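Shown next, in structure tokens, is the structure this report addresses.
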Amino acid sequence: MDSSSLKDWPGWRSVKWATKVMQSVASQVPIILNTTTVKLHKESNKIPIRKGVRQGDTISPKLFTACLEHIFKDINWEDKGINVNGEKLNHLRFADDIVIIANNFNEMESMLQDLDIASRKRGLKMNMKKTKVMADQSVKHKPIIINGTELEHVSEYIYLGQRFTLTERNQDNEIRRRIKAGWQAFGRYSHIMKGNLPLCLKRKVYDQCILPSMTYASETWTLTIKMERKLAAAQHNMERSMLNITSKITKPISG
């Protein structure tokens, strides 16, 4: 699931609570919580600031994370989720990108409703367009409706930039997707990579802007020989393009 845009920040009660546990931003709290006015020029009227923190503000991610922590503390999911070594695993969080884990559709719907209610109390709401449901093929699908909106069932989903699916046991399609992303990045910098700049500068652009796109999250891959060759071939083709080599050089066979 994903939270909606944070242009209007959560309730100040949660922000006040959040700042109590965030010593690193304590000095900035008065700026957020106190009433502030600004003047555009000497003759303008004072303009009251009614919203303290907007999306993109440097302090916004910290406050949002602390506010979300407050929301989850209000939810009791101790008996929900899957059992992992005697502990219940029911959700994973990275900023506002959250994965809810449940044993069945009824439990999933109940957990999502709990989260939706707790979020609305703090001024946040779930983004129903980005919230998807994924289940094992052996489980019979059941509609999940939150606030009158039926959530979409999908067989795959991009989470934190990586393709996630329960229907495949290898990462072949993910690796192909990353190779495509690498070529897209290469295309964006084609004026540099195919230009007349020194090779040392091209290499820096390749290492810093193109290679990371192609190898993102590669630490989680289980590579096969076939996929290793595909990655190597993509890299070699990019290097040939950087050197402006348009045709393969073959060694003549003497006879």
Side-chain angles (χ1 to χ4, degrees), residues 1-3 5-6 55-56 58 60-62 64-65 68 82 84-85 89-101 127 129-137 152-251:
M1 63 150 286
D2 184 89
S3 293
S5 176
L6 302 181
Q55 189 173 16
T58 54
S60 181
K62 292 182 179 180
F64 175 74
T65 301
L68 198 61
I82 60 174
V84 179
N85 293 329
L89 177 63
N90 47 49
H91 74 282
L92 301 172
R93 279 184 285 160
F94 186 87
D96 62 336
D97 293 316
I98 306 169
V99 176
I100 307 297
I101 305 170
N127 189 331
K129 292 182 179 180
K130 291 185 178 181
T131 302
K132 311 295 182 183
V133 178
M134 185 185 297
D136 188 83
Q137 288 181 320
E152 180 185 358
H153 287 258
V154 297
S155 59
E156 63 180 56
Y157 190 71
I158 306 300
Y159 181 66
L160 302 182
Q162 186 170 11
R163 178 177 175 273
F164 180 72
T165 179
L166 297 175
T167 60
E168 299 173 4
R169 295 191 176 185
N170 56 50
Q171 284 96 12
D172 290 4
N173 287 328
E174 169 63 11
I175 294 172
R176 292 189 183 95
R177 195 176 72 88
R178 295 318 318 173
I179 292 174
K180 182 179 179 180
W183 277 113
Q184 289 174 343
F186 191 91
R188 288 195 296 270
Y189 297 98
S190 60
H191 61 289
I192 297 175
M193 309 310 290
K194 295 184 177 182
N196 296 322
L197 291 174
L199 185 59
C200 61
L201 296 180
K202 291 183 179 181
R203 185 172 64 245
K204 287 183 178 180
V205 174
Y206 178 81
D207 290 341
Q208 296 177 15
C209 302
I210 298 171
L211 192 60
S213 296
M214 191 162 61
T215 59
Y216 178 81
S218 58
E219 301 88 347
T220 64
W221 295 348
T222 302
L223 286 174
T224 61
I225 294 177
K226 180 181 178 181
M227 286 298 105
E228 286 183 357
R229 289 174 178 171
K230 280 188 174 293
L231 286 166
Q235 181 179 1
H236 293 162
N237 289 334
M238 289 178 184
E239 291 170 348
R240 291 169 62 84
S241 183
M242 290 164 58
L243 295 171
N244 294 319
I245 301 175
T246 57
S247 60
K248 292 184 178 180
I249 301 175
T250 59
K251 183 178 180 181

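Every value quoted in this text rests on a predicted model; they were computed, and no experiment measured them. Along the sequence shown, the residues carry numbers beginning at 1.
In terms of the side chain to side chain donor-acceptor pair (under 3.5 Å) criterion, S190 has no residue partners (sequence neighbours excluded). The salt bridge (charged side-chain N to carboxylate O under 4.0 Å, His left out) search around E239 returns none, not counting sequence neighbours. Take Q171 and apply the side chain to side chain donor-acceptor pair (under 3.5 Å) test, not counting sequence neighbours, and it matches no residue. By the salt bridge (charged side-chain N to carboxylate O under 4.0 Å, His left out) test, R93 is found to be paired with E69, residues two or more places apart in sequence or in another chain being considered. By the side chain to side chain donor-acceptor pair (under 3.5 Å) test, T222 is found to be paired with no residue, residues two or more places apart in sequence or in another chain being considered. W221 is linked by a ring pair (Phe, Tyr, Trp, His ring centres under 6.0 Å) to nothing, counting only residues two or more places apart in sequence or in another chain. Under the side-chain contact (heavy atoms from CB on, under 4.5 Å) criterion, A233 pairs with no residue at all, not counting sequence neighbours. By the side chain to side chain donor-acceptor pair (under 3.5 Å) test, E156 pairs with R163, sequence neighbours left out.
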Sequence neighbours excluded and cut-off under 3.5 Å, please list the side-chain donor-acceptor pairs for residues 200-213, or say none.
unit_1	atom_1	unit_2	atom_2	d
K202	NZ	M193	O	3.1
K202	NZ	G195	O	2.9
K202	NZ	M242	O	2.9
S213	OG	C209	O	3.4

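Note: T215 OG1 to I179 CD1 = 11.0 Å, rounded to the nearest 0.5 Å. A distance of 5.0 Å separates CG in D172 from OG1 in T224, rounded to the nearest 0.5 Å. Once rounded to the nearest 0.5 Å, the distance linking CD1 of I98 with CG of L92 reads 10.5 Å. Here L89 contributes atom CG and I101 contributes atom CD1; the two are 4.0 Å apart, rounded to the nearest 0.5 Å. The structure places NE2 of H236 at 10.5 Å from CG of L231, a figure rounded to the nearest 0.5 Å.
By the 4.5 Å heavy-atom criterion applied to side chains, I175 and L223 are counted as neighbours. Using a 4.5 Å heavy-atom threshold, the side chains of K230 and M227 count as touching.
Here ring pair (Phe, Tyr, Trp, His ring centres under 6.0 Å) pairs that include residues 168-194, with residues two or more places apart or in two chains, are W183-F186. Sorted by first then second residue, the salt bridge (charged side-chain N to carboxylate O under 4.0 Å, His left out) pairs that include residues 210-225, not counting sequence neighbours, number zero. Counting only residues at least two apart or on different chains, the side chain to side chain donor-acceptor pair (under 3.5 Å) pairs with a member in residues 173-182 are E168-N173, N173-R176, E174-R177.
A distance-only check finds a donor-acceptor pair linking the side chain of T131 to the backbone of N127 [under 3.5 Å].
The heavy-atom pair separating A234 from M214 by the smallest distance is CB-SD, 4.0 Å. A pairwise comparison of heavy atoms in Y157 and K130 identifies OH-O, 2.8 Å as the closest pair. When every heavy atom of Q162 is checked against every heavy atom of A217, the shortest pair comes out as OE1-CB, 3.5 Å.
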